[in-house]
Amino acid sequence: KYMMICDSSFRRILSFVNILCSFNYVVSYIPEISIKLNEHSGRLLQISDRLSTSTCDVMGLENRHRHCNRYFRAGKLFMAADDKSSDDRSLLEQMRKSLGEREDVFEDAESESKQLLQGLRDMDRDPNMKLNNKFLDWLASNGVWVKQESAWGRAPHPLVISSSTEDDGESSGRGLLAREGMSEGELMMTIPLDLCLTRAVSQRIFGKSIVPDFTDEYIAIALLLMHEKIKGTESLWKPYIDILPKPEDVYPSFIWTEAELDMLKGSPTYFASISLRNKVEREYALLKERVFDANPTVFPTSKYSSELFFWAFIMLFSRAARLSSKSSGEELALVPYADLMNHNPYSNTYIDAQRSGMPLISRTEEVAVYSDRNYKKFEQVFINYGEKGNADLLLLYGFALDRNPFDSVDISVGLSRDDPLFLSKKAYLDKSGRGMASVRFPLQLSRYPSELVDFLRLLLVEPEDLGMQPLDRVDFNEPISPSLERRVLVTMIGICESYIDQYPTTLAQDEQMIRDRGMFNTLTRQQRMAIRLRASEKRILLQTIKAVQEELLKLPTVVNDISAPVAAAGRSFDTMATKATVGNARSTFDWVDIKGKKPESSSSSTEGTGTTSSKKEDVAALSPSNSIAERRRRRRGFGDK
């Protein structure tokens, strides 16, 4: 045995490490040589990369930092090698001569070597890694190429499973990393359709008497997923089901507690979460009545519980992919392995079906995933779940992003029955296929809400705006009159302000909490996600107000007489106060049915909160102090007429 310390050439150290890592099972060797390296994290990271093939799991950069700190104590790395090779012996002899005999480090080296081996044994016992290995073996046994070695006509599989990943500063569970550098357009994986969980598979197992063709795909796959989880070791998909997360690991907002949901008050996601939870509960009750109670021996309710049903839906909402390129038509599916990839809104990678084998000849299909860009070694590989805003991500996937180019706030408006032109407008909407139902319009940070403007023109148009022209002949995609255009823009500002007034905090307060990273990280995951969501929605609403105010400044004005002040196009404010029409009503909310909670009066909203005045400051920074919306708010708060 040679016990020595290496304080000399780094090139010599790397050469020795390369020799050690040439053995496939370094960990299993009895340590014959121990080397103490007093190097910093840069060198340790390079060495840990070479050790990755022998530790059963490959971590990302930050994970490798943690493992370095855990297993390479104080920068000391001890490894085992087989000294049978003449090259090894010559290198060791050269190192021994250059470093000399150091008997005083024997006990320290032996102790550190034992600690390393114990750490590697602990890593090998990690239950997550064992599940990963079993899952990979299951994939390989079912025709999925996941081997690290190349074969005839096949390159090594380019991906590895990481048990723990992070994105945007938050844990994102299991994920896939690039084993080596990958090129854009490279085929990352193919999964046979037989391994996917679909409605067709559910019908094959249960029969069409239980799962008829009209059964919703989510219900059919949820029933299949429940059934396979209950089967345990007898299930074909057990290794896949074993790596699926628990509900609390995903924790979408529709399963939040009432106290947690209170953090979303003011956001449309609050009501969406409650609505989705109620819908899933109704679907379970319906499935229980039609299937479970009708077949109690096959589906005992003690096993097919509502908790298991919710788990199945959480998995579906957060992992299912829609295969739009299938030859038989679009299909919803759970795709094992491919669903381990996490979401990035900037990724162009999607999960879809393609023909396998020879083009134009093969009739079999498979699921394929291609890389959308070049990836570095150990970089996390992402896919795109679709153009989803933070509200959808939090509702279905349990997270919200600081930077989301698809973020939006849904504004719902509809026709009011108090509108004097209600019948004509209703007929117009019926003809266009919209009817009386309220319409949702997404507001985005970098896009002017043209569609909402067009719809509000219809809702707020008056007979004097139309003249002799029938309503059904009007093109509401273009401005009709300056007075109508002004009412539309003022109404939009009022709607956005009413949404802002419903939040319990201001944008400034939310942003201050996000900037204080120390304080922010002490909050629960739900609190952090709620703050991110609220802040992003307020930015969009305030930006919309600013954009609409800029459009207001572009509208023309007219002078009623020589001595009269400049007033809004069409009529003066004094005339609007006395003439009973849609445009001069006390509040535009009298004529536009906003599908949400109306803002409370200023006097009631300020009691005990102290936040309303600061919320007004957010808007005041962007709003003219004498706007119609501002005067309307003052009238409600102080009783002015």
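Throughout, residue positions are numbered sequentially from 1 according to the sequence presented. Model, not experiment: these values are computed from the prediction.
For the atom pair CD1 (I230) and CG (L308), the distance works out to 5.0 Å, reported to the nearest 0.5 Å. Of the inter-residue distances, the one linking F135 atom CZ with D242 atom CG reads 10.5 Å to the nearest 0.5 angstrom. To the nearest 0.5 Å, atom CG of residue L393 and atom CE of residue M529 are 10.0 Å apart. Atom CG of L542 sits about 9.5 Å away from atom CD of E497, to the nearest 0.5 Å. For the atom pair W237 CH2 and N142 CG, the distance stands at 9.5 Å (nearest 0.5 Å). We find the CD1-CG distance between I545 and L489 to be 12.5 Å, quoted to the nearest 0.5 Å.
Within the cation-pi definition used here (under 6.0 Å to the ring centroid, within 45° of the axis), K538 qualifies as a partner of Y503. K229 forms a cation-pi arrangement with W311, by the criterion of a distance under 6.0 Å to the ring centre and an angle within 45° of the ring axis.
Of the possible polar contacts, none joining the N390 side chain to the A400 backbone as a donor-acceptor pair under 3.5 Å is found. A donor-acceptor pair under 3.5 Å links the side-chain atoms of R487 to the main chain of L460, judged by distance alone. Side-chain atoms of Q509 come within 3.5 Å of backbone atoms of T506 as a donor-acceptor pair (strictly under, hydrogens ignored). The backbone N or O of D339 lies less than 3.5 Å from a partner atom in the side chain of R319, making a donor-acceptor pair. Under the 3.5 Å distance criterion, the side-chain polar atoms of T522 are matched with a main-chain donor or acceptor of M519. Counting only distance, with no hydrogens or angles, the side chain of Q502 and the backbone of S498 share a donor-acceptor pair below 3.5 Å. A donor-acceptor pair under 3.5 Å is absent between the side-chain atoms of D392 and the main chain of D407, judged by distance alone. T349 places a side-chain N or O within 3.5 Å of a backbone atom of D372 that can act as its donor or acceptor partner. Counting only distance, with no hydrogens or angles, the side chain of K388 and the backbone of F406 share no donor-acceptor pair below 3.5 Å. With hydrogens and angles ignored, the 3.5 Å screen pairs no side-chain donor or acceptor of D510 with any backbone N or O of L507.
Considering every non-hydrogen atom in both P192 and V144, the closest pair reads CD-CG2, 3.7 Å. The two residues L459 and G414 have their closest heavy-atom pair at CD1-O, 3.8 Å. Between F422 and S416, the shortest heavy-atom contact is CD1-O, 3.3 Å. Nearest heavy atom pair, residue F313 against residue Y218, reads CE2-CB, 3.9 Å.
Using bins of under 30°, 30° to 60° and over 60° for the plane-to-plane angle, the ring pair F455/F441 lands in the tilted bin. Ring geometry, W256 versus Y251: the interplanar angle falls under 30°, so the pair is classed parallel (tilted spans 30 to 60°).
Crowding of E451 atom CD: a count of heavy atoms from other residues, nucleotides or ligands under 6.0 Å exceeding 12. In E234, the CD atom is not crowded: 12 or fewer heavy atoms of neighbouring residues, nucleotides or ligands sit closer than 6.0 Å. Q527 CD: more than 12 foreign heavy atoms inside a 6.0 Å radius. Heavy atoms of other residues, nucleotides or ligands lying less than 6.0 angstrom from CZ of R447 number 12 at most. Annotation: K231, atom NZ; neighbour count of heavy atoms from other residues, nucleotides and ligands within 6.0 Å is above 12. Around NZ of K134, the count of heavy atoms belonging to other residues, nucleotides or ligands within 6.0 Å does not exceed 12.
Counting only N and O atoms by type, the side chains of S536 and N404 include no donor and acceptor under 3.5 Å apart. For the 3.5 Å distance criterion, the side chains of S408 and Q444 fail to qualify, holding no donor opposite an acceptor. Side-chain contact check for E365 and S327: at least one donor-acceptor pair (N or O, by modelled atom type) lies under 3.5 Å. The closest side-chain donor-acceptor pair between T165 and N342 falls under 3.5 angstrom. Between the side chains of R457 and N477, no donor-acceptor pair of N or O atoms lies under 3.5 Å.
The salt bridge (charged side-chain N to carboxylate O under 4.0 Å, His left out) check on K288 picks up D293, with sequence neighbours excluded. Under the rule for a side chain to side chain contact (heavy atoms under 4.5 Å, CB included), the partners of P252 that lie at least two apart in sequence or sit in another chain are V250, F254, I255, I314.
Checked against a 6.0 Å centroid threshold, the rings of F317 and F310 do not count as neighbours. Taking the six-membered ring for Trp, Y385 and Y397 have ring centres closer than 6.0 Å.
Using a 4.5 Å heavy-atom cutoff, the side chains of S273 and L261 are in contact. For the pair D402/R532, a side-chain contact is recorded, criterion being any heavy-atom separation below 4.5 Å from C-beta on. Residues P300 and F292 form no side-chain contact, since every pair of their non-hydrogen atoms from C-beta on lies 4.5 Å or further apart. In this structure, V461 and L471 have side chains that are in contact, with non-hydrogen atoms separated by less than 4.5 Å. Inter-residue side-chain proximity for S324 and D352 is flagged as met; some heavy-atom pair is nearer than 4.5 Å. Here the side chains of S162 and L176 are not in contact, with every heavy-atom distance at 4.5 Å or above. Considering only heavy atoms from C-beta on, I411 comes within 4.5 Å of L541 through its side chain. For the pair T257/E260, a side-chain contact is recorded, criterion being any heavy-atom separation below 4.5 Å from C-beta on.
Here R403 pairs with D168 in a salt bridge; the nearest charged N to carboxylate O distance falls below 4.0 Å. Here R539 pairs with E511 in a salt bridge; the nearest charged N to carboxylate O distance falls below 4.0 Å. For the pair K326 and E330, the salt-bridge criterion is not met [side-chain N within less than 4.0 Å of a carboxylate O]. A salt bridge between R277 and E258 is present, with a side-chain N of the basic residue lying under 4.0 Å from a carboxylate O of the acidic one. Salt bridge status for E331 with R322: absent, with no side-chain N to carboxylate O gap under 4.0 Å.
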Only distances under 3.5 Å count here; give the side-chain donor-acceptor pairs of residues 195-214 to other protein atoms, sequence neighbours excluded, each with its distance to 0.1 Å.
from: T198; atom 1: OG1; to: A200; atom 2: N; distance (Å): 3.4
from: T198; atom 1: OG1; to: V201; atom 2: N; distance (Å): 3.3
from: R199; atom 1: NH1; to: D213; atom 2: O; distance (Å): 3.4
from: R199; atom 1: NH1; to: T215; atom 2: O; distance (Å): 2.6
from: S202; atom 1: OG; to: A220; atom 2: O; distance (Å): 3.0
from: Q203; atom 1: NE2; to: V211; atom 2: O; distance (Å): 3.0
from: Q203; atom 1: NE2; to: P212; atom 2: O; distance (Å): 3.4
from: Q203; atom 1: NE2; to: D213; atom 2: OD1; distance (Å): 2.9
from: K208; atom 1: NZ; to: D213; atom 2: OD1; distance (Å): 3.4

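L443 pairs in a side-chain contact (heavy atoms from CB on, under 4.5 Å) with only one of the listed residues (D410, L452, I495), which is L452.
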| request: Using the side-chain hydrogen bond (donor to acceptor under 3.5 Å, both in side chains) rule, take N132 and R174 through it: C-alpha gap first, then chi angles, then the decisive distance, then the call. | output: CA-CA 10 Å; N132 293 346; R174 279 185 172 86; 2.8 Å; yes
With side-chain hydrogen bond (donor to acceptor under 3.5 Å, both in side chains) as the test, would you mind laying out the steps for E537 and S267 before giving the verdict?
CA-CA 8 Å; E537 291 179 344; S267 168; 2.9 Å; yes
*Should L334 and Y240 be marked as a side-chain contact (heavy atoms from CB on, under 4.5 Å) after you check the CA-CA gap, both sets of side-chain angles, and the distance that decides it?*
CA-CA 10 Å; L334 279 175; Y240 168 62; 4.0 Å; yes
